[in-house]
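Report on one structure; see the data block that follows.
Order of the sequence lines fixes the chain letters, A, B, ..., with proteins taken first and strands second; residue numbering starts at 1 for each chain.
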There are 2 protein chains.
Amino acid sequence: MDQQDDKPSGQGRKPITARELAQLIGVSQSAVSRAFTPGASVSPKMRERILTFARELDYQPNAIASMLSKRRTNIVGIVVSDMENPFYPALIERLSRELQKIGLQSLMFNVTKGSNIEDQLMALRQYNVDAVVIVSATILSAATLDWATENRTAVLVNRTIPDSKLTSVCCHNSEGASAIADHFYELGHKRVAYVAGLAHTSTNMERQGAFITRIAELGLTLAANLDGTEYSYESGYNSALAIAAKGSVDAIFFANDILAAGGLDALRDEAGLRVPEDIAVAGFDDIAMASWPHYSLTTFRQPINQIVAATVKIIRTGSAQPGRPAKTHLISGELKVRKSTIGTALT
Amino acid sequence: MDQQDDKPSGQGRKPITARELAQLIGVSQSAVSRAFTPGASVSPKMRERILTFARELDYQPNAIASMLSKRRTNIVGIVVSDMENPFYPALIERLSRELQKIGLQSLMFNVTKGSNIEDQLMALRQYNVDAVVIVSATILSAATLDWATENRTAVLVNRTIPDSKLTSVCCHNSEGASAIADHFYELGHKRVAYVAGLAHTSTNMERQGAFITRIAELGLTLAANLDGTEYSYESGYNSALAIAAKGSVDAIFFANDILAAGGLDALRDEAGLRVPEDIAVAGFDDIAMASWPHYSLTTFRQPINQIVAATVKIIRTGSAQPGRPAKTHLISGELKVRKSTIGTALT
DNA sequence: TTGAAAGCGATACCAT
DNA sequence: ATGGTATCGCTTTCAA
């Protein structure tokens with residue numbers, strides 16, 4: 001129950017303000033403000049003079065005050081939940097880096113299924129972030145999301161929500177799943193299996209749906225279709241063992257690379273099968289691990305750079321604002337064929 | 001009643017302010033502020049009334065304005081660079097989660113060696129964050145750090161900097177490295193090797209130094225001591241191959257788990273050695289992957305929870321403020337013995 | 001306890 | 001181009 005009782009005891013020297021700087025130089029405070037505003041109407045020599053003094057006196061504009069008057073924070077809120085999957089840290093790092101390049105900072109909001117999500121997202125509203133990016137696979141209801149992102153630019157990344165009016169950027173999941181199906185077909189596999197991730201996530205449903213559809217079109221047999229409760233190594237591991245126990249499956253498509261990694265290890269180390277000779281394995285995402293020699297995992301690559309670029313563009317141009325119609329931006333991925341489906345190196 | 005009248009770009013309805021709410025209720029604006037301030041002097045029924053109206057009218061205090069007047073942001077800046085290593089995302093997620101629990105948000109600063117680091121950290125100063133946590137392995141000079149964190153509480157996590165006056169929280173690296181050495185000794189290994197990470201980082205130097213020292217004390221031979229340029233799977237992979245090529249090494253200590261994972265795969269898959277029968281392998285960190293059945297890596301576990309707890313405590317209590325003397329908080333770790341050094345499962 | 005008013009440190013709209 | 005000045009929305013004295 002102890003809260004903000006501590007005084008800012010040793011918070012150090014208070015930084016100089018624009019007003020003080022102005023007085024020291026003998027100009028108006030407005031001038032100082034303009035000197036720091038690109039494209040403002042100041043004479044070059046005035047600006048020069050002010051900037052010189054500023055440097056000398058170690059003045060820097062207070063961003064908080066600026067936010068208040070501009071009613072613009074230059075902060076993007078990033079709602080995150082599933083940091084276990086290396087795909088997300090990689091995505092978030094790139095995203096925050098690209099945002100930084102255009103002067104935007106990233107405020108991270110970790111949502112955990114444990115506690116009340118609305119409470120956790122309360123701050124998201126109060127901080128008046130300019131935009132919100134949701135990269136969380138965790139189930140946030142359309143209602144919660146609309147509430148949290150009310151009146152601001154918001155982008156869903158790597159997921160869609162049917163009833164929400166939010167713009168989203170997604171890898172073309174169904175295209176990817178179909179490509180995997182085609183790949184299995186071309187390799188001559190007859191009996192294939194799907195191993196799900198977190199069942200009701202949009203990524204899982206799209207991949208599963210497209211894969212099963214395509215399998216049927218190609219006349220292949222869906223020998224197993226395992227429901228999953230999470231995108232984890234363990235889950236992939238156990239699912240693979242279950243499939244191996246049943247036997248007579250030629251190829252498995254795991255909903256993502258982490259699952260596939262677990263599956264691959266289980267098949268080789270515990271089931272004693274050879275991959276891909278006895279059974280082929282494919283994943284989805286193309287995380288760093290997928291290209292490690294040990295795994296050399298065939299997977300459908302999500303182009304993080306393009307996903308990030310699209311997201312940043314949406315934020316920059318202010319599409320995805322409350323008024324605008326929601327759009328789903330589908331980013332095309334790319335099948336990366338590696339040894340887990342083909343015995344010899346290709347790349 | 002409501003239409004999007006004022007702003008052109010459709011930024012949405014402006015939220016209601018404390019002043020407006022106060023007028024609607026017929027109380028003073030100060031009262032509204034107090035109602036939202038824990039422990040302020042308001043009568044319970046006044047507070048109740050205001051909070052009820054607030055809920056109804058969807059009022060929430062504007063955090064930016066609050067920051068400006070309180071001169072306190074409730075934001076912690078987290079300086080990050082090395083997200084490739086899963087240890088860091090895990091650490092950062094825990095950290096931001098714990099901070100959230102005490103009402104602090106996390107602003108992420110990604111520093112990349114490419115561009116000018118001072119430019120990248122400029123925002124860190126302007127945003128007036130309450131505290132700064134540096135979890136970046138990237139080389140920030142003491143001068144840069146002092147500049148960036150001037151006048152605010154700052155904590156280095158998982159690294160130390162000799163000439164800086166910053167408080168730091170670190171796993172007991174030398175203890176861990178010694179423990180690995182002892183472990184190798186107890187297993188009867190005679191000729192051991194060290195594979196470095198990023199050479200001049202404090203983590204690497206401490207681990208390397210302690211390992212080599214202990215090895216000497218135990219009378220073991222340092223058969224190889226490979227300099228590294230990065231903490232990566234590839235680097236570990238190649239280093240392991242180099243060691244395998246030289247031959248006659250009983251055990252390898254890799255500076256962290258990612259290196260060890262690469263090394264393990266290289267030894268098994270490419271050098272055709274059995275681990276641990278032909279050669280034992282140990283890492284450092286205990287990332288999730290280390291406990292995967294395939295790797296089952298003996299490693300020295302960094303207790304993320306304790307590291308985070310210590311960091312949060314430092315921030316909460318305001319030790320690590322400019323005035324206070326810098327302290328280095330050493331967190332004890334724990335040796336996790338797994339199959340990469342012992343043929344049978346222990347845990 | 002409550003209300004009025006003075007900041008907090010910038011921006012932006014006026015005049016000049 | 002420059003200087004005044006009214007915001008921005010909240011916190012915090014200071015009186016009542």
* Protein proximity profile, nucleotides 8-16 of chain C - base contact B, sugar-phosphate-only contact S, no contact -, cut-off 4.0 Å on heavy atoms -> BBBBBB---

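The side chain to side chain contact (heavy atoms under 4.5 Å, CB included) search around T317(A) returns K313(A), S319(A), not counting sequence neighbours. When the side chain to side chain contact (heavy atoms under 4.5 Å, CB included) test is applied to A65(A), the partners found at least two apart in sequence or on another chain are N62(A), L68(B). Shown here are the side chain to side chain contact (heavy atoms under 4.5 Å, CB included) partners of K70(A), two or more places apart in sequence or in another chain: S66(A), R72(A). Applying the side chain to side chain contact (heavy atoms under 4.5 Å, CB included) criterion to S81(A), with sequence neighbours excluded, gives V111(A), S136(A), T138(A).
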Sequence neighbours left out, cut at 3.5 Å: what donor-acceptor pairs do the side chains of residues 29-38 of chain A make with other protein atoms?
{"residue": "T37(A)", "atom": "OG1", "partner": "S33(A)", "partner atom": "O", "Å": "2.8"}

Quick one: side chains of residues 95-108 of chain A, donor-acceptor pairs under 3.5 Å with protein atoms, not counting sequence neighbours, listed by atom name and distance.
{"residue": "S96(A)", "atom": "OG", "partner": "E93(A)", "partner atom": "O", "Å": "3.4"}
{"residue": "S96(A)", "atom": "OG", "partner": "N110(B)", "partner atom": "ND2", "Å": "2.3"}
{"residue": "R97(A)", "atom": "NH1", "partner": "E93(A)", "partner atom": "OE2", "Å": "3.0"}
{"residue": "E98(A)", "atom": "OE2", "partner": "K101(A)", "partner atom": "NZ", "Å": "3.1"}
{"residue": "Q100(A)", "atom": "OE1", "partner": "N110(B)", "partner atom": "N", "Å": "2.9"}
{"residue": "Q100(A)", "atom": "NE2", "partner": "N110(B)", "partner atom": "O", "Å": "3.1"}

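Taking CG of L124(B) as the start and CD1 of I78(B) as the end, the distance is 11.0 Å to the nearest 0.5 Å.
Of all the residues in residues 38-45 of chain A, not one reaches under 4.0 Å from DNA chain C with any non-hydrogen atom.
Backbone-only engagement by M46(A) is indicated by non-hydrogen atom pairs under 4.0 Å involving sugar-phosphate atoms exclusively.
Contact annotation: the side chain of V135(B) never approaches that of V79(B) to less than 4.5 Å [non-hydrogen atoms, C-beta and beyond].
No side-chain donor-acceptor contact under 3.5 Å links N128(A) and T73(A).
Looking at T149(A), its side chain never comes within 3.5 Å of a backbone N or O of R152(A) through a donor-acceptor pair.
Sorted by first then second residue, the side-chain hydrogen bond (donor to acceptor under 3.5 Å, both in side chains) pairs that include residues 45-58 of chain B, not counting sequence neighbours, are R125(A)-D58(B). Applying the ring pair (Phe, Tyr, Trp, His ring centres under 6.0 Å) definition to pairs two or more places apart or across chains, none involves residues 101-141 of chain A.
Within the helix from dT1(C)-dA16(D) to dT16(C)-dA1(D), the inter-axis angle between the opening and closing five-pair segments is 40°, rounded to 10°.
Close approach of DNA chain D to chain B, defined as any atom under 4.0 Å from a non-hydrogen atom of the protein, starts and stops at dG9(D) to dT13(D).
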